[in-house]
Amino acid sequence: MAQLASSDGLTRGIMPELPEVETVVRGLRKDVVGRTFRAMPVITPGQIVTPSSDAFAARLTGQCVETLWRRGKYVIFDLSSDALLVHLKMTGRLYVSHKWQAEGADKYVRFVFELDNRHKLIFSDLRKLGRLHLVSRADDVVGALGPEPLSDDFTLDVFRSLMAQRRGTIKPLLLNQRFIAGIGNIYADEALWLAKVDPRRKSDSLKLDEVDRLYHAIREVLLEGIRHEGASIDWYRKPDGTTGEQQDHFSAYGREDEPCPRCEATISKIRLGQRGTHFCPACQS
Ligand SMILES: [Zn+2]
């Protein structure tokens, strides 16, 4: 795992996934729900998708945060009359300023949202790839996403029927946010390892028992990721500035050339759909 701890992760593009974004939402909730946005002394216009950067601060100011939740990889602030959606992309971080570091210590602050209790909600983003949307309904942005894999509605029958409608290679399918929301490269590799399914398989070649194993594996790896508060491989941190622990519990992801925890064959790393893909060639078939 030595190379995972290096800055290599930045160039490989490791994005927060469902467990990381869920951890951010849980960590922020008590500091922002019920608070009202005041001034916005810092904004980075290029990261605002909608509305115009001129309108953004004016429309946000005075709105109260009613709930904070997650859909896929989006952080969603339900406000008095609008919804603010933040996608962290590779290096976005959301935190409340009194929690982590003295003001000025973070060189990558792109947005400062002053709150009515004098605290500040900070959006920091080294690479400026994160995106903010201020819209009247969250569904304007997230309406086309696939189901939430941890919701009660995402049953085994739902997954079977989604799989029956699709063709194509299974790993890229799991990464398709319109198929299922929230899964990225890490948890796709982990779920396929746990389900003993080769990531190169065609999705319509999976037998029913393999589909069932994959369904349970997806939910299990995501729940485990949340339990360990996400994977801090390079940039992701919890809103209190500390690291998640999931990187210490990977079975396949980042384990190339190490023994498979299940069968002790050597974990391989290949390129699949332009993504680094880790799997055990012996026990994933
Ligand atoms: Zn194995």
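All values below were derived from every heavy atom in this structure, side-chain atoms included, with hydrogens, water molecules and symmetry-related copies excluded. In listed order, ligands and their atoms are each counted from 1.
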Could you go through the ring-ring contact (aromatic ring centres under 6.0 Å, His included) check for Y187 and Y253 one step at a time?
-> CA-CA 8 Å; Y187 296 94; Y253 184 85; 8.5 Å; no

Assess the side chains of H228 and Q246: does a donor N or O sit below 3.5 Å from an acceptor N or O?
-> yes

Taking ring-ring contact (aromatic ring centres under 6.0 Å, His included) as the test, write out the residues that go with Y74, two or more places apart.
-> H87

Is the CD atom of E66 crowded by more than 12 outside heavy atoms at less than 6.0 Å?
-> yes

Do any protein N, O or S atoms sit under 2.8 Å from the Zn ion (ligand 1), and which ones are they?
-> C260 SG, C263 SG, C280 SG, C283 SG

Taking 4.0 angstrom as the limit, do D209 and R213 come out as a salt bridge?
-> yes

Going by an N to O cut-off under 4.0 Å, is there a salt bridge joining E210 and R201?
-> yes

